[in-house]
Amino acid sequence: MNYWLVKSEPSAYSWDDFVKQGVGVWDGVRNYQARNNMQAMKVGDLVFFYHSNEGLEVVGLAKVVKEAYQDPTTEDTRWVVVEMTAVEKFPKTVTLKQMKADERLSDLALVRQSRLSVTPVKPEEFDIIIGLAHEG
DNA sequence: GCCAACGTTGGC
DNA sequence: GCCAACGTTGGC
């Protein structure tokens, strides 16, 4: 079991949009590192859903329901999508500010590589963020 | 709206 | 294969 974090601008695709859809197809990724991370995702992996540009916070948890396959929005065979479904909307969102301020999360890929849209999360980081999401 | 960080492109 | 120019992302 691996853990991940994906970013989305809520004006384009928010957590609520994702929940409404039921199963969200994560398309449009055009970055090799993000693509490699998506290809490493397995069914059942847990994924934080982060709002970029607005909100700047982790809003909920999703899980992978279908592993990487060719992105249907392009002919270009380099790119893939994964499918995810919502698991839980967090009682308390976890803000970027909180995560940056937490020494235990100083190595978080989201913090270190702020432009990467799909990043891995270590199991210990996952536990810390889940903790913050439930008791603040 | 600005700008730093970073990825991509194309000329050489 | 280097690197300057340019485009994009995303925090501030």
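These numbers were taken from a predicted model, which means no experiment stands behind them. Residue numbering restarts at 1 for every chain, and letters A, B, ... go by the order of the sequence lines.
Ring pair A:Phe49/A:Tyr13 is tilted by interplanar angle, where 30° to 60° counts as tilted.
When ring centroids are compared, A:Tyr3 and A:Phe48 stay outside the 6.0 Å threshold.
Evaluation of the ring pair (Phe, Tyr, Trp, His ring centres under 6.0 Å) test over residues 55-78 of chain A, restricted to residues two or more places apart or in two chains, returns none.
For the residue pair A:Thr73 and A:Asp71, a side-chain donor N or O sits within less than 3.5 Å of a side-chain acceptor on the partner.
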Name the atoms and distances for all side-chain donor-acceptor pairs under 3.5 Å in residues 51-66 of chain A, with sequence neighbours left out.
unit_1  : atom_1 : unit_2  : atom_2 : d
A:His51 : NE2    : A:Trp15 : N      : 3.0
A:Asn53 : ND2    : A:Glu9  : OE1    : 3.3
A:Asn53 : ND2    : A:Glu9  : OE2    : 3.1
A:Glu57 : OE1    : A:Thr93 : OG1    : 2.8

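At a threshold of 4.0 angstrom between heavy atoms, the contacts of A:Leu116 with the nucleic acid are absent. A:Lys97 comes within 4.0 angstrom of nothing in the nucleic acid, heavy atoms only.
Think of the region where chain A sits on DNA chain C: with heavy atoms and a 4.0 Å cut, that region ends 5' and 3' at C:dG7 to C:dC12.
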